[in-house]
Amino acid sequence: MTNLDTIDFAKYDKSGMIAQIKSFTQDFRKAWELTKSISLPSEYKKIQNVVLLGMGGSGAANEAIRELAYSNACPIECVHDYDLPGYVNENTLVIASSYSGNTEETIRGFSEAKKRNAKLIAITTGGEIKRLAEEYDVPRFIFDYPSEPRMATPYLLSPLLRIFAQLDLYELPENFDKVCDEAEPIIRQFYPEELINKNIAKQLALNLYKKFPIIYSSPYTKGLAMRFKNQINENAKKTAAYDYFPELNHNTIEGYVNADCDLVIVGFQSKFGLDRIQLREKITAEILNRNNVQFERISFNEPTNPLVEHLVLMSFSDAVSFYLSILNQTDPTSIPNIKYLKSQL
Ligand code: F6R
C-alpha cells in the first residue's frame, strides 16, 4: 500500500489540492475580511424564515450555518432541490449559494423566489446566479477563488456567517480571528508533514481504505457528516454513507446482524451535544463490537465553541478524503462522473 509519509502527492494530486487543505484557516481569514462589504437593507431584518438554496459543496456550507444557528427562533431550511417550499413568500429570506453560479436547481429556486417576492441574496463566483442577482439588484457576495466548489468552503461559509450575524440569527463567538487562531493548531495535526503515528487523519484514511465507511453524526453535526461523505465520494472516488443519532438507534442498529460488506462506522461527534447522545453512542459502539463491526470515534476536546469545532471537523474530512484519494491512486480534484452528468442534462 502507498506510504502516506513518503509518497510525493503530486503524482496523483495534479491540481495541488493539498495546498488548499493547508490554507483552510488562512482562506477563512481572507474570505471573512472580504465579507465586510456585505451590507443588507434594513427590511431584511423583518424576515420570518430563511431558505438556503445550494447543491453539493455549496449546499454543504448552507447546512453548516443552519446547524450553527439551530437554536435561533427563526426557522431555517436548506433546499437541495429544484422546488421551493410552499411557505416561501415576501417574508422569507432566500439565499442562493452556487460556486459556479450555473447549477440548474439553484437557478430555478432563485428565479422562483423572485416571483414570490422573497428577500434575496446571492453567493457565487459568477455564472447565471451572478447575472440574475445583478438583474434583480439584490445583495450579493461575488468572490474569486479558483477551486473545486467542495474545497471553497471558506468562501461559501464566511458570507453566511456574516449575513446571519448581521440579521441577529447567529451570534459569532467573539471575533473571527480568534476562531481561526484556535482551530489552526488542531488542524495542523492533519497536515502531510505530521507522520502517520501522530496524524489521526492519515490513520483514519488507512483504516477506511478498501472498506465501506458510514459516518455517524450527532444531531447538530449532520451537515458535517454529509459533507464528510461527499468529500470521500468526490475526492477519493469511493463509496460512503452517513447516518445520525438518535434516529439510527431506532432502525440502523438491527442491520449489523447481517452486515453485507466490510464496514467501518465513524462516530463524528460534537463535544457540544447532549449527554444522552454520548450515552447512545457508547451503547451503539458496544452493539457494533458484538456484531464484529469496526467503530472509530472522532471527537476533538479542544474547541471552545461549535464554530471552531465545525472548522476542525471540516478540515479533518478534507484531509482524510485527500489521503484516501492518494491511497486509491486517483486525482482528488477530478470528478468525471459529475461533469459527464451535467453535460448530458
Ligand atoms: C464539485 C462539487 C459539487 C458542486 C455541485 C454544485 O467540486 O463540490 O458537489 O458543488 O455540483 O455546483 P455549484 O457548487 O457550482 O453550484
Side-chain angles (χ1 to χ4, degrees), residues 12-21 23-24 27 31 51-66 78-84 94-113 120-133 140-160 215 223-242 314-315 317-322 324-325 328 330-345:
Y12 303 110
D13 182 20
K14 304 285 179 211
S15 313
M17 185 183 280
I18 194 63
Q20 278 181 288
I21 291 175
S23 65
F24 188 72
D27 288 337
V51 168
L52 302 167
L53 308 176
M55 307 300 297
S58 302
N62 291 347
E63 290 288 350
I65 190 68
R66 186 186 62 78
C78 291
V79 172
H80 304 256
D81 203 341
Y82 285 92
D83 290 325
L84 293 180
V94 175
I95 307 179
S97 289
S98 167
Y99 175 89
S100 63
N102 287 324
T103 297
E104 65 175 43
E105 298 93 320
T106 314
I107 294 169
R108 179 169 151 146
F110 197 49
S111 317
E112 179 59 28
L120 303 176
I121 301 178
I123 298 170
T124 185
T125 60
E128 183 62 6
I129 291 289
K130 176 174 180 240
R131 196 195 65 73
L132 286 174
R140 47 200 179 266
F141 179 69
I142 314 290
F143 63 93
D144 179 19
Y145 177 71
S147 169
E148 274 299 317
R150 63 185 178 280
M151 301 307 290
T153 307
Y155 284 82
L156 292 161
L157 181 54
S158 296
L160 291 168
I215 323 296
L224 288 171
M226 183 190 81
R227 185 178 178 280
F228 192 5
K229 171 226 156 254
N230 293 349
Q231 299 298 69
I232 293 174
N233 296 150
E234 292 180 69
N235 290 346
K237 270 55 90 178
K238 178 179 169 65
T239 46
Y242 75 102
M314 282 174 165
S315 179
S317 318
D318 291 349
V320 173
S321 61
F322 175 84
L324 270 168
S325 79
N328 279 343
T330 178
D331 179 355
T333 300
S334 74
I335 38 169
N337 290 343
I338 296 175
K339 288 210 163 119
Y340 172 74
L341 187 132
K342 287 187 181 181
S343 75
Q344 296 300 303
L345 284 169

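We use all heavy atoms of the structure for the numbers below, so side chains are in, but hydrogens, waters and symmetry mates are not. Both ligands and their constituent atoms are indexed starting at 1 by order of listing. Source: prediction; values computed, not measured.
For the pair R150 and D318, the salt-bridge criterion is not met [side-chain N within less than 4.0 Å of a carboxylate O].
When hydrogens are left out, the protein atom nearest atom 2 (C) of ligand 1 is E234 OE1, 3.1 Å; that is the closest non-hydrogen contact. The shortest contact between atom 16 (O) of ligand 1 and any protein heavy atom is with T103 OG1, 2.5 Å.
Side-chain atoms of Y99 never come within 3.5 Å of backbone atoms of G126 as a donor-acceptor pair (strictly under, hydrogens ignored). Although no hydrogens or angles enter the test, the distance criterion places a donor-acceptor pair under 3.5 Å between the side chain of T124 and the main chain of S98.
Residue contacts with ligand 1: S98 is placed with a nitrogen or oxygen under 3.5 Å of a nitrogen or oxygen of the ligand (distance criterion only). At under 3.5 Å, a nitrogen or oxygen of G57, whether backbone or side chain, sits near a nitrogen or oxygen of ligand 1. Backbone and side-chain nitrogen or oxygen atoms of S58 are examined, and one is located within less than 3.5 angstrom of a nitrogen or oxygen of ligand 1.
A donor-acceptor contact closer than 3.5 angstrom is absent between the side chains of K237 and N233.
Nearest residue to atom 4 (C) of ligand 1 from G59, P149, S334, A61 is P149 (criterion: closest heavy atom).
Taken from CD1 in I123 to CG in L53, the straight-line distance is 10.5 Å, to the nearest 0.5 Å.
Annotation: side chain of N235 is in contact with side chain of M151 (closest heavy-atom distance under 4.5 Å).
The ligand atoms of ligand 1 that sit less than 4.0 angstrom from a heavy atom of Y99 are 13 (P), 14 (O), 15 (O), 16 (O). Within the listing of ligand 1, atoms 5 (C), 6 (C), 11 (O), 12 (O) sit less than 4.0 angstrom from a heavy atom of K342.
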